[in-house]
S.K.: 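The structure under discussion is supplied below as structure tokens; questions concerning it will follow.
Because the structure is a prediction, the values reported are computed rather than measured.
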Amino acid sequence: MGLAFETNERDEPRLGLIVLQSDETIENEFCRMIPSEATLHVSRVPSADEVTPETLAEMEHHISASARLLPLPARFDAVGYGCTSGTSVIGIERIGDLVRSGTTTRSVTQPVSALIAACAELGVSRLAFLSPYVGSVSSRMRAVLAENGIDTPLFGSFETSEEALVARITPASILEAAVSLMDDPAAEAIFISCTNLRTLDIIEEIEARTGRPALSSNQVLAWHLCRLAGMEIRKKEFGKLLSDNS
């Protein structure tokens with residue numbers, strides 16, 4: 001027999017996230033940061049196994065379709081595109097247009113805009129920059145930051161183009177690289193670029209050993225998404241950016 005039921009409008013904060021097909025890290029780290037009162041919906045975008053300016057540019061043709069795979073009835077407070085290097089190649093404004101063409105959302109962000117907002121929040125304009133990628137990819141990301149008033153006087157990279165390898169770089173290796181890069185006092189903070197790097201559990205130790213803020217792609221993107229949706233992440237164990245909200 002048919003059973004009666006009632007419906008109501010869902011009014012919890014709604015966040016959307018478009019994740020690269022090759023990304024093995026971002027969802028786990030996001031689940032540990034996003035406040036419990038929010039609902040997070042995830043879609044994926046086709047991406048290549050090799051990271052080059054050409055393969056990153058190719059994602060432009062798929063972002064709208066990926067956004068359309070988010071729940072159609074939902075009206076999002078904010079949607080994020082989870083690729084730092086892809087944003088630097090495709091462009092901040094273009095990413096926003098593509099996401100909005102596929103779903104309904106008040107705000108769109110990605111790790112580049114999130115980093116710029118985080119640097120403004122912390123009063124930082126000179127970053128040490130740690131990248132997993134080859135020079136042609138890393139140089140474009142640094143140029144976009146320079147265009148937005150953020151200098152990267154210290155730079156280091158693991159110099160790989162293989163996404164599967166990036167996802168398997170140990171947090172201990174990232175920690176030691178970050179601390180080594182910050183031996184030079186020229187930078188006010190460090191940014192660890194790439195949503196596929198496992199950074200969340202080492203941010204606090206980097207800050208303890210260097211005395212300066214540590215930022216990562218996943219950390220700043222989660223923070224900015226929540227800020228755009230009118231929420232704060234209060235997770236002191238994930239660095240100064242999040243503990244300052246407490």
S.K.: Do the side chains of L69 and V42 join up, straight or via other hydrophobic residues, at under 4.5 Å, putting them in one cluster?
M.R.: no
S.K.: Measure the CG-CG distance between N148 and L115 for me, rounded to the nearest 0.5 Å.
M.R.: 9.5 Å
S.K.: Under 3.5 Å, is there a donor-acceptor pair between the E58 and T55 side chains?
M.R.: no
S.K.: Measuring from atom SG of C83 to atom CD1 of I18, what distance do you get when rounded to the nearest 0.5 angstrom?
M.R.: 11.5 Å
S.K.: State, yes or no, whether a side-chain contact exists between E232 and R227 at a heavy-atom distance under 4.5 Å.
M.R.: yes
S.K.: Measuring only between side-chain heavy atoms, which start at C-beta, is I174 closer than 4.5 Å to F158?
M.R.: yes
S.K.: Checking S47 side chain against S22 main chain: does a donor-acceptor pair fall under 3.5 Å?
M.R.: yes
S.K.: Does some side-chain heavy atom of L56 sit less than 4.5 Å from a side-chain heavy atom of V137?
M.R.: yes
S.K.: Nearest heavy-atom pair of W223 and A114: which atoms, and what distance?
M.R.: CZ3-O, 3.9 Å
S.K.: Evaluate the criterion side-chain contact (heavy atoms from CB on, under 4.5 Å) for residue pair R209 and E176; output intermediate values, then yes/no.
M.R.: CA-CA 10 Å; R209 289 174 60 175; E176 293 307 319; 3.1 Å; yes
S.K.: Using a 4.5 Å cut-off on heavy atoms from C-beta on, say whether the side chain of L15 contacts that of M231.
M.R.: yes
S.K.: Using residues 138-145 as the side-chain source, report each donor-acceptor pair under 3.5 Å to any protein atom, sequence neighbours left out, with the distance given to one decimal.
M.R.:
from, atom 1, to, atom 2, distance (Å)
S138, OG, S131, OG, 2.8
S138, OG, Y133, O, 3.2
S138, OG, V134, O, 3.4
S139, OG, G135, O, 2.9
S139, OG, S136, O, 3.3
R140, NE, S88, O, 2.9
R142, NE, T152, OG1, 2.9
R142, NH2, T152, O, 2.6
R142, NH2, T152, OG1, 3.4

S.K.: How long is the gap from OG on S216 to CD1 on I202, to the nearest 0.5 Å?
M.R.: 8.5 Å
S.K.: Say you draw a straight line from CD1 of I116 to OG of S125; how long is it, rounded to the nearest 0.5 Å?
M.R.: 12.5 Å
S.K.: Side-chain heavy atoms nearer than 4.5 Å, only ILVMFWY residues, links allowed to pass through others: does that put L241 and L228 together?
M.R.: no
S.K.: Are the side chain of E29 and the backbone N or O of L200 linked by a donor-acceptor pair below 3.5 Å?
M.R.: yes
S.K.: Does a donor on one side chain sit under 3.5 Å from an acceptor on the other, for T39 and E12?
M.R.: yes
S.K.: Please tell me if the side chains of R106 and R75 come closer than 4.5 Å, counting only heavy atoms from C-beta onward.
M.R.: no
S.K.: Output, in order, the C-alpha distance, side-chain angles, deciding distance and verdict of side-chain contact (heavy atoms from CB on, under 4.5 Å) for T25 and T195.
M.R.: CA-CA 7 Å; T25 304; T195 61; over 6 Å; no
S.K.: Where do G86 and M59 come nearest, in terms of heavy atoms and distance?
M.R.: CA-CE, 4.4 Å
S.K.: Is there a donor-acceptor pair closer than 3.5 Å between any side-chain N or O of S43 and the backbone N or O of L70?
M.R.: no
S.K.: At their closest point, which heavy atom of V220 faces which heavy atom of P111, and how far apart are they?
M.R.: CG2-O, 4.0 Å
S.K.: Does the pair R212 and K240 meet the rule for a side-chain contact (heavy atoms from CB on, under 4.5 Å), with working shown?
M.R.: CA-CA 9 Å; R212 283 164 282 175; K240 179 177 173 59; over 6 Å; no
S.K.: Hydrophobic clustering (ILVMFWY, side-chain heavy atoms < 4.5 Å, transitive) - are V99 and L40 grouped together?
M.R.: yes
S.K.: Are T210 and I190 packed together at the side-chain level, in the sense that at least one heavy-atom pair is separated by less than 4.5 angstrom?
M.R.: no
S.K.: When you look at E27 and R44, which way does the salt bridge (Lys or Arg N to Asp or Glu O under 4.0 Å) test go after all the steps?
M.R.: CA-CA 11 Å; E27 286 149 308; R44 288 203 173 240; 2.3 Å; yes
S.K.: Please enumerate all residues that pass salt bridge (Lys or Arg N to Asp or Glu O under 4.0 Å) together with E237, with sequence neighbours excluded.
M.R.: none
S.K.: What is the minimum heavy-atom distance between I233 and C226, and which atoms define it?
M.R.: CG1-SG, 3.7 Å
S.K.: Please check if the side chain of D77 supplies one atom and the backbone of R14 the other of a donor-acceptor pair under 3.5 Å.
M.R.: yes
S.K.: For E188 and G123, work out which heavy atoms get closest and say how close.
M.R.: OE1-O, 4.2 Å
S.K.: Determine the minimum heavy-atom distance between S193 and P132, stating which atoms define it.
M.R.: O-CD, 3.2 Å
S.K.: Verify the neighbour count for atom CD of E93: are there more than 12 heavy atoms of other residues, nucleotides or ligands below 6.0 Å?
M.R.: no
S.K.: Is a side-chain donor or acceptor of D184 paired with a backbone partner of A186 at a separation under 3.5 angstrom?
M.R.: yes
S.K.: Any chance you could measure Y81, atom OH, to L221, atom CG, to the nearest 0.5 Å?
M.R.: 11.5 Å
S.K.: So F238 and S243, do their side chains get closer than 4.5 Å, heavy atoms only?
M.R.: no
S.K.: Got V112 and T84 here, is their nearest side-chain heavy-atom distance under 4.5 Å?
M.R.: yes
S.K.: So for atom CG, which belongs to D49, do other residues, nucleotides or ligands contribute more than 12 heavy atoms lying within a distance under 6.0 Å?
M.R.: no
S.K.: Can you list the steps and then say if L242 with I203 is a side-chain contact (heavy atoms from CB on, under 4.5 Å)?
M.R.: CA-CA 11 Å; L242 305 189; I203 289 173; over 6 Å; no
S.K.: For the OG atom of S85 and the CG atom of N196, what is their distance to the nearest 0.5 Å?
M.R.: 10.0 Å
S.K.: Can you name the side-chain contact (heavy atoms from CB on, under 4.5 Å) partners of N28, sequence neighbours left out?
M.R.: R32
